[in-house]
Amino acid sequence: MPVARIHRGTDNLCGMTNEPIPRHDEHDEDLPEQIRVRRDKRQRLLDAGQEPYPVRVPITHTIDQIRVAYADLEIDVATGDSVSIAGRVIFQRNTGKLCFATLRAGDGSEIQAMLSLDKVGEERLADWKSDVDLGDHVAVQGEVITSRRGELSVLADSWQLAAKSLRPLPVAHKPLAEETRVRQRYVDLIVRPQAREIARLRIRTVASLRESLTARGYVEVETPMLQTLHGGATARPFVTHSNAFDIDVFLRIAPELFLKRCVVGGLERVFEINRNFRNEGADSTHSPEFAMLEYYEAYADYRDMARTTRELIQSAAIAAHGSLQFTRMDGQERDFSGDWDEAYVYPSVSAAVGREITPQTPVDVLRELCEAVDIKPEKTWVPGKYVEELLEHHVVAQFTRPTFVYDYPEDTSPLVRAHRELPGVVEKWDLYIDGAEQGTGYSELIDPVIQRERLVAQSALKAGGDVEAMQVDEDFLRALEYGMPPSGGVGMGVDRLLMNLTGLNIRETILFPLVKPE
RNA sequence: GCGCCGCUAGCUCAACUGGCAGAGCAGCGGACUCUUAAUCCGCGGGUUGUAGGUUCAAGUCCUACGCGGCGUACCA
């Protein structure tokens, strides 16, 4: 039929999706029975001159408003108040001349609709039974009552379909397979209350971060996602091509170098919450695209930034859970209150390996210590890399409480200023929560001459085969040469924060994580 | 990347040593004016991830591939 052909032609023309959604226009017999039945119902409605997808339905109240307004009604009460509501049918009980349906709105609030023969009439009651399926959106007009069992209900005088659902909902009382939850998040959100809660918890948390920073006089900026050089972190980038400029460009791995340009220009308290892209492994704690918060503050040092970071995360925990002591969704309890623990890289590693390790310890000694615990050194490693590996291996898992680990090796931190007292060390901390790195903070390197030396050393690593090493960003160095005020800076993974707050896998905290096509 | 496990109805899962592919929910038809995962009677629904192979016979065994999970490696 013509309509079907138009749809199919349009799809082919667009070609914008590789979704294998089958086009069954002329092959209804191939469809699963339940989808075929629902398509037939849709067609039947159209043939009868009824609209399965109307532009508008009358709504006088949200379900939540009615829940609140009639919270204290006694059993079996008729209020005389007439309303019109809409929601998705999530549960049906059809008896002979009195039908019940539970409607749910997007905020999770639910109410019962009742359809009786004497109110809606024989024809509309029969229509309801034959046309309305689990998952349909409907609008119901009628009186607010409580049933004889006390359930708050709208006793319908009339009703309309608001949107016909052509696919059956999964069974409500069995957990959906994890793959389906990720691939079809919309279904997950419909059937699983916790999925809805996670989505909203993420929104609250990110809003809290913005509010905390804004309250401290920070301004939010948006810096390039497409960059001609990849810098600000050591990671493999995604590469794509600009047809207009005929150059390869990189999806950013970090916004750092642009935010520092902002500070040079006088945006002295600046932050960005946005996506970074890293062309590396994807597992339960890593996603190729992930949300990053970075913030920079002129005339602050790394100690100031640690305090701000703790306060930011504490506020976020309150936004997420209402308290600094909270139970995560995996059932574990956490306490983010008070001051947080501190540790120091070289003393911690020294204690763990049983001998003093300093930035001056010969690399041969470090290599032996690594090999003794099955850490396999690579030829691109600088001495500080060994120390960081030893820290990861021996120390980090001990940090069950949130812990700031201070004073990292200079040779692995090309964008951090040297420690004001300790040679070979930079003013950098990593924040660990539950043994996982949650964020990093610096006293920023602002001397353009030293910064150039560090980046040149990085590019030498890159020439030597280190695909993660940074490139020399001449424009960034030029900006520094105009003078950047002494500053502190922090980078913090937003997804990681959500994982720490919920105890969930990264794929649960991201609404639509990247998955291979089906 | 490597190793192990998995993929069966719309959903969640069964199916012994290779021997007629099943259940619950959902669906369809019928009954029921107070149900709450409603109940009762009846009925449909399957290219067992894909492609090969072994066998009288394959959901089950073998090979390859796809997708997923877990572990491991990698991940400033």
Side-chain angles (χ1 to χ4, degrees), chain A residues 20 30-38 40-41 75-76 90-102 110 112-120 125 129-130 133-135 145-153 155 165-184 187 191 230-236 253-254 256 276 278-288 290 292 374-376 378 382 384-385 388-389 392 408-409 411-416 426 428 430 436-437 439-440 442 458 461 466-470 491 493 505 507 515-518:
Chain A
D30 294 341
L31 281 171
E33 180 194 23
Q34 298 196 43
I35 294 180
R36 197 172 63 236
V37 165
R38 289 179 180 226
D40 290 346
K41 288 180 179 179
I75 288 174
D76 202 9
I90 55 158
F91 182 35
Q92 282 205 94
R93 286 133 279 151
N94 287 350
T95 67
K97 300 184 183 62
L98 179 63
C99 296
F100 303 87
T102 304
E110 296 175 4
Q112 178 169 268
M114 294 170 63
L115 294 98
S116 70
L117 175 66
D118 50 14
K119 291 284 183 189
V120 300
L125 187 68
K129 289 193 211 177
S130 63
D133 289 308
L134 235 38
I145 66 164
T146 51
S147 71
R148 285 180 207 160
R149 300 290 273 268
E151 187 75 39
L152 184 64
S153 308
L155 178 60
S165 168
L166 295 186
R167 287 177 183 265
L169 287 178
V171 174
H173 302 282
K174 294 279 190 179
L176 209 51
E178 187 179 339
E179 187 180 355
T180 311
R181 299 210 311 243
V182 171
R183 286 192 187 275
Q184 298 178 239
V187 176
V191 300
H230 65 276
T234 55
R236 294 185 72 149
I253 56 175
E256 173 155 355
N276 289 348
R278 298 189 183 179
N279 204 346
E280 295 171 343
D283 59 25
S284 60
T285 59
H286 295 85
S287 173
F290 60 98
M292 185 77 152
D374 276 342
I375 300 169
K376 297 182 192 73
E378 291 174 22
V382 292
K385 177 67 174 168
E388 289 185 0
E389 290 290 327
E392 289 279 335
Y408 275 72
D411 51 13
T412 55
S413 306
L415 302 173
V416 194
V426 290
K428 166 186 169 179
D430 272 2
E437 189 185 335
T440 188
Y442 305 164
Q458 280 285 309
L461 290 177
D466 186 343
V467 292
E468 297 180 351
M470 298 182 194
N505 188 303
R507 287 153 75 93
V515 286
K516 282 198 192 179
E518 288 173 85

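These figures come from a predicted structure and were not determined experimentally.
Here A:K97 reaches the OP1 or OP2 of B:U33: one of its side-chain N or O atoms lies under 4.0 Å away. Applying the 4.0 Å criterion to OP1 and OP2 of B:C28, one finds that A:K41 has a side-chain N or O inside that range. The side chain of A:R507 contributes an N or O atom lying less than 4.0 Å from OP1 or OP2 of B:G69.
Of the C1' atoms belonging to B:U33 and B:G69, the separation is 49 Å, rounded to the nearest Å. Comparing B:U8 with B:A14, their P atoms sit 10 Å apart, to the nearest whole Å. Here the separation of B:U17 from B:U12, taken at their C1' atoms, is 28 Å to the nearest Å. For B:C5 and B:G42, the P atoms lie 43 Å apart once the distance is rounded to whole Å. Taking the P atom of each, B:A15 and B:C20 are spaced 14 Å apart, rounded to whole Å. Rounded to whole Å, the C1' atom of B:A64 lies 15 Å from the corresponding atom of B:U54. Comparing the P positions of B:G49 and B:A9 gives an interatomic distance of 8 Å, to the nearest angstrom. Using P as the reference atom, B:G22 and B:C43 are 15 Å apart when rounded to the nearest Å.
Residues A:V187 and A:L176 form a side-chain contact, since some pair of their non-hydrogen atoms from C-beta on lies under 4.5 Å apart.
Heavy-atom nearest nucleotides on RNA chain B were determined for A:L176 and for A:R93, and the one closer to the 5' end corresponds to A:L176.
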